[in-house]
Amino acid sequence: MFTVPPGADLMRPAGQRDKLVKVQRYTSTQNSLNEDVVFWEPLGEEWGRVIWGRGSERRESAAMQSQQTATFQFLSNERTRSLSAKDRIVWNDINWDIVAPGVPVNRGELEFTAIGATH
């Protein structure tokens with residue numbers, strides 16, 4: 001008999017949402033010297049569609065020291081609706097900083113623009 005572990009997400013990618021990405025929450029605290037210490041709390045994984053920046057965006061990003069621009073589309077759910085411009089997406093070995101809250105597109109989807117620093 002097949003059993004599902006608690007908290008498992010059985011959702012399969014739908015249509016063009018064929019990339020499994022990690023989402024992380026920005027968190028900060030202060031150390032004993034009152035300096036900010038930033039860390040990234042894992043929120044889980046989401047199936048998404050990745051749209052690379054247009055040609056003009058890629059040229060502008062290249063001028064800004066090895067940065068890429070991409071748009072990520074996810075199903076609208078409690079986790080994706082909670083993402084803010086301080087959070088990030090991890091995909092393709094790149095940390096993508098979300099630059100704006102999710103914008104509703106299509107029915108039941110959110111779209112996030114993010115900037116990733118390449119190595």
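Note that these values count all heavy atoms, side chains included, but never hydrogens, waters or copies made by symmetry. Please read all numbers here as calculations on a predicted model, not as lab measurements.
Taking CD from Glu41 and OG1 from Thr27, the interatomic distance works out to 5.0 Å, rounded to the nearest 0.5 Å. Annotation: the span from Asp97 atom CG to Gln67 atom CD amounts to 8.5 Å, rounded to 0.5 Å.
With a 4.5 Å cut-off on side-chain heavy atoms, Glu109 and Arg17 count as touching. Side chains of Thr29 and Phe39 form a contact here, defined as non-hydrogen atoms less than 4.5 Å apart. Side-chain atoms of Gln68 and Ile115, non-hydrogen and from C-beta on, never get closer than 4.5 Å to each other. Side-chain atoms of Thr69 and Trp96, non-hydrogen and from C-beta on, never get closer than 4.5 Å to each other. In this structure, Glu35 and Gln30 have side chains that are not in contact, with every pair of non-hydrogen atoms separated by 4.5 Å or more. Within the 4.5 Å cutoff, no side-chain heavy atoms of Asp18 are placed close to those of Arg49. Arg81 is listed as a side-chain neighbour of Ser76, based on a closest heavy-atom distance under 4.5 Å. Counting heavy atoms from C-beta outward, Ile89 and Lys22 have side chains that stay 4.5 Å or more apart.
Evaluation of the side chain to side chain donor-acceptor pair (under 3.5 Å) rule for Asn95 yields no partner, not counting sequence neighbours. In this view, Leu20 and Glu45, Trp47 satisfy the side-chain contact (heavy atoms from CB on, under 4.5 Å) rule, not counting sequence neighbours.
Proximity of the aromatic rings of Trp52 and Trp91 is defined here by a centroid distance below 6.0 angstrom, and this criterion is met.
For Asn77 (side chain) and Thr80 (main-chain N/O), a donor-acceptor pair under 3.5 Å exists by modelled atom type.
A chain of hydrophobic side-chain contacts below 4.5 Å, direct or via other Ile, Leu, Val, Met, Phe, Trp or Tyr residues, connects Leu83 to Ile94. The cluster map of Ile, Leu, Val, Met, Phe, Trp and Tyr, joined by side-chain heavy atoms under 4.5 Å apart, puts Val50 and Val90 in different clusters.
When every heavy atom of Ser82 is checked against every heavy atom of Asp87, the shortest pair comes out as O-OD2, 3.9 Å.
The cationic atom of Arg25 (NZ for Lys, CZ for Arg) does not lie both less than 6.0 Å from the six-membered ring centre of Trp40 and within 45° of the ring axis.
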